[in-house]
Amino acid sequence: MDQEHILARITAMVDDERRLRDAVASGQIDSTTEHARLGQLERDLDQCWDLLRQRRAKTEFGENPDEARVRPSSQVEDYQN
């Protein structure tokens, strides 16, 4: 997945997050459902951001960005910038 695809996926997930928050605010879904969905969405976002950072680092250091791989969510969760 190239940088443009990763960024598009991140944008789509951020939009999904907003829709979930709006749905719970309007009573369309309950907070338990929101938390479950948001948890998965946050894990997926962590993985996408990590992949994007890997690709950028590889490019910066003259390596092939296509060698970057999605790491398990347990490995990338809660990374700090």
Pairwise distance CG(Leu45) to OG(Ser73) - rounded to 0.5 angstrom
12.0 Å
When rounded to the nearest 0.5 angstrom, what is the spacing between CG in Leu51 and CD1 in Ile10?
8.5 Å
Is the backbone of Gly39 close enough, under 3.5 Å, to the side chain of Arg43 for a donor and an acceptor to pair up by distance?
yes
Got a second to check how far Phe61's CZ is from Arg56's CZ, nearest 0.5 Å?
14.0 Å
Using atom types as modelled and distance alone, determine if a side-chain donor or acceptor of Gln47 lies under 3.5 Å from a backbone N or O of Arg71.
yes
With heavy-atom distances below 4.5 Å as the criterion, would you say the side chains of Glu17 and Leu38 are in contact?
yes
Donor-acceptor pair, Thr11 side chain versus Leu7 backbone, under 3.5 Å?
yes
What's the verdict on side-chain contact (heavy atoms from CB on, under 4.5 Å) for Arg37 and Ile29, showing C-alpha distance, side-chain angles and the deciding distance?
CA-CA 11 Å; Arg37 290 183 186 171; Ile29 61 172; 4.2 Å; yes
Arg55 with Asp66: basic N within carboxylate O range, under 4.0 Å
yes
Assess the residue pair Asp50 and Arg53 against the criterion (salt bridge (charged side-chain N to carboxylate O under 4.0 Å, His left out)); give the C-alpha distance rounded to whole Å, side-chain angles, the decisive distance to 0.1 Å, and a yes or no.
CA-CA 5 Å; Asp50 176 66; Arg53 286 184 192 107; 5.6 Å; no
As a quick check of understanding, evaluate side-chain contact (heavy atoms from CB on, under 4.5 Å) for Asp44 and Met13, giving each step before the final call.
CA-CA 8 Å; Asp44 293 345; Met13 285 189 277; 3.5 Å; yes
Going by an N to O cut-off under 4.0 Å, is there a salt bridge joining Arg19 and Asp22?
no
Closest non-hydrogen contact found for Ser26 with Ala23 is OG-O, 3.2 Å
Taken to the nearest 0.5 Å, the spacing of Thr33 OG1 from Gln28 CD works out to 12.0 Å
For the side chain of Gln54 and the backbone of Arg69, is there at least one donor-acceptor N/O pair under 3.5 Å apart?
yes
Give, for atom CD of Gln3 and atom CG of Leu52, the distance between the pair rounded to the nearest 0.5 Å.
5.0 Å
